[in-house]
Novice: 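Take this structure first; my questions come after.
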Number of protein chains: 2
Amino acid sequence: MKDLMNIKHCGECISNLPIFRSLTEEQSEMINTTRCRVRYRPGETIFKQGTAMTHIIIVTEGLVKVYLEGINDRNLILRFARPVAMIGGPGFFTDYKNHVTTMAIEETSACFIDVNTLKEIIEQNQNFAIALLKWVNSHTLSTYTKFIELTQKGMHGRIAGALLYLHKEVFFDMEGGFRINRQDLADLTAMSKESGIRILKELKDENLISVVGNYIVLNDIDRLEKISMKG
Amino acid sequence: MKDLMNIKHCGECISNLPIFRSLTEEQSEMINTTRCRVRYRPGETIFKQGTAMTHIIIVTEGLVKVYLEGINDRNLILRFARPVAMIGGPGFFTDYKNHVTTMAIEETSACFIDVNTLKEIIEQNQNFAIALLKWVNSHTLSTYTKFIELTQKGMHGRIAGALLYLHKEVFFDMEGGFRINRQDLADLTAMSKESGIRILKELKDENLISVVGNYIVLNDIDRLEKISMKG
DNA sequence: GTATTTTGTTGATTATTGTCAATGAATATT
DNA sequence: AATATTCATTGACAATAATCAACAAAATAC
């Protein structure tokens with residue numbers, strides 16, 4: 001019976017996120033009865049910028065990218081998310097639209113939570129509201145870092161910074177390296193794909209990183225950090 | 001007697017901000033008894049990036065800029081604020097530090113509100129917590145726009161965008177134009193002062209704007225908007 | 001297994017943007 | 001009023017980064 005229920009939702013995904021710790025039994029149950037789990041193949045869009053924001057998701061398996069669709073088909077990747085991570089958006093409590101696009105990069109499981117349910121819980125539970133404020137503010141903090149990253153660093157610094165971000169904040173639990181394709185690396189660092197490729201090659205030629213196809217290993221974190229600082 | 005009280009705080013400043021509408025009498029009083037009003041001269045720093053976040057402010061008179069201090073003494077202006085506006089920060093509920101610097105540009109009055117008082121009220125009043133979430137999310141929204149603005153537009157588009165921002169969102173209630181110095185315009189658009197000056201001159205030469213010293217009037221909003229779109 | 005499409009790579013060129021230096025104008029200081 | 005000091009301006013130049021085109025390699029479709 002319990003296994004059957006797990007088909008509908010993802011079991012205990014919300015208990016793995018600190019933000020949901022403050023929920024009462026009853027509130028957890030409210031979420032559990034409405035939420036459901038969906039699987040995505042690489043390249044599938046989960047949320048599309050411009051559509052109505054009806055749900056948030058919790059990524060329970062796989063890998064997604066969250067990005068802004070900008071001018072002339074250029075995208076700006078704001079973050080990558082791996083399990084267990086919540087993907088919300090600034091449309092919550094404002095215009096209830098999705099202002100970013102979320103796309104699966106690997107085979108991904110996402111657990112959908114209805115925003116109205118969430119809203120109801122926030123209205124009941126101050127601690128949860130505070131946890132959410134904290135979550136939003138910590139995201140704003142990364143955003144500020146990203147501003148400096150993108151507007152005040154040269155291409156070398158941006159690529160180094162992006163690699164360090166992937167290594168330390170996205171794939172922190174992985175042995176060795178990680179995979180990312182060239183276009184995504186370019187979209188993460190706000191430069192053309194060709195420029196990204198060139199910088200990557202330079203870093204490889206200096207043995208700061210190893211590259212085999214899309215698989216990247218950082219060999220010299222210290223020097224990458226220096227490059228990231230200066231630019 | 002009432003006049004004497006106004007020396008300590010700024011009278012009814014919080015009643016002019018929608019975000020404080022949900023406060024009870026008692027909660028308003030909590031804020032009123034601890035808050036106090038401070039005057040700043042142009043160039044004075046109100047909050048300094050890196051210091052402890054003990055208060056938020058409400059700007060009741062004057063003009064301030066909110067900016068990130070980045071690399072090599074370069075600043076990135078996130079927003080300008082005029083009365084009545086609240087200046088908070090992502091340190092709230094996270095690390096309680098100031099992550100941005102706030103500086104008076106004109107003679108400014110700011111009303112200081114203690115973050116602990118604020119925190120206490122948030123814990124009591126869900127509607128206020130929601131209003132705050134809404135406020136934070138709407139700021140995140142502008143942040144997203146700014147990302148595209150700064151990373152995907154050329155210098156012409158960025159200057160045009162900045163001028164439209166100043167005209168429509170900062171000085172929207174002013175007849176004619178507004179004042180901004182060249183360095184601030186450059187810091188708002190993430191370019192060098194010299195580049196900013198050159199673009200400004202081009203826009204002036206094409207009669208899209210009038211410039212007299214630091215005073216700028218937008219003559220052709222439509223064409224500026226076109227330039228802002230394309231870049 | 002071959003064809004087709006996507007993704008990655010490289011070099012040449014152009015476009016964009018920053019830096020440096022010199023100078024003028026405006027403002028503040030003594 | 002004379003002197004600093006800051007701010008604005010301009011041109012020349014260098015550095016940075018995008019575009020374009022051609023091609024190679026890998027993945028996918030047929």
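Letters go in sequence order (proteins before strands), and every chain restarts at 1. Given the structure is predicted, the values throughout are model-derived calculations rather than measurements.
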Novice: To check you understand the geometry: which heavy-atom pair defines the closest contact between A/I209 and A/N219, and what is its length?
Specialist: C-ND2, 3.2 Å

Novice: Send over the distance from A/L200 CG to C/dG8 P, rounded to a whole Å.
Specialist: 11 Å

Novice: Taking the cut-offs as 6.0 angstrom to the six-membered ring centre and 45 degrees off its axis, would you call B/K65 and B/Y67 a cation-pi pair?
Specialist: yes

Novice: Whole angstroms only, please: what is the NZ-C1' distance between B/K193 and C/dC20?
Specialist: 13 Å

Novice: Give the rounded distance in Å between these two atoms: CG of A/L203 and C1' of C/dT9.
Specialist: 16 Å

Novice: Over all strands shown, is B/D184 touching base, sugar-phosphate only, or nothing at heavy-atom distances under 4.0 angstrom?
Specialist: nothing

Novice: How would you label the contact of B/N72 with the nucleic acid (heavy atoms, under 4.0 Å): base, sugar-phosphate, or nothing?
Specialist: nothing

Novice: CD of B/E194 versus P of C/dA21: gap in Å, rounded?
Specialist: 12 Å

Novice: Figure out the CD1/C1' separation between B/I71 and C/dG18, and round it to whole Å.
Specialist: 15 Å

Novice: With sequence neighbours left out, write down each residue that passes ring pair (Phe, Tyr, Trp, His ring centres under 6.0 Å) with B/F171, or none if nothing qualifies.
Specialist: B/F178

Novice: Return the OG1 to CG distance between B/T60 and B/N16, rounded to the nearest 0.5 Å.
Specialist: 10.0 Å

Novice: Which part of the nucleic acid, if any, lies within contact of B/G154, taking any heavy atom under 4.0 Å across all strands shown: a base, the sugar-phosphate backbone alone, or nothing?
Specialist: sugar-phosphate

Novice: Take atom CZ of B/R74 and atom C1' of C/dT17, then tell me their distance rounded to the nearest Å.
Specialist: 10 Å

Novice: For B/I197 and C/dT17, what is the distance between atoms CD1 and P respectively, to the nearest whole Å?
Specialist: 16 Å

Novice: Between A/Y96 and A/F92, how do the two ring planes meet: parallel, tilted or perpendicular, split at 30° and 60°?
Specialist: perpendicular

Novice: Look at B/R37 together with B/E61 and state whether they make a salt bridge at an N to O cut-off of under 4.0 Å.
Specialist: yes

Novice: Nearest 0.5 Å, please: how far is CE in B/M191 from OG1 in B/T189?
Specialist: 3.5 Å

Novice: Would you kindly give the CG-to-P distance between A/D187 and C/dT7, to the nearest whole Å?
Specialist: 12 Å

Novice: Can you say whether a donor on the side chain of A/R198 sits under 3.5 Å from an acceptor on the base of C/dG11, or the other way round?
Specialist: yes

Novice: Which is the 5'-most and which the 3'-most nucleotide of DNA chain D that has an atom under 4.0 Å from a heavy atom of chain B?
Specialist: D/dA8 to D/dA12

Novice: Assuming nearest nucleotide by heavy-atom distance, tell me which of A/S195 and B/K201 is located more 5' along DNA chain D.
Specialist: B/K201

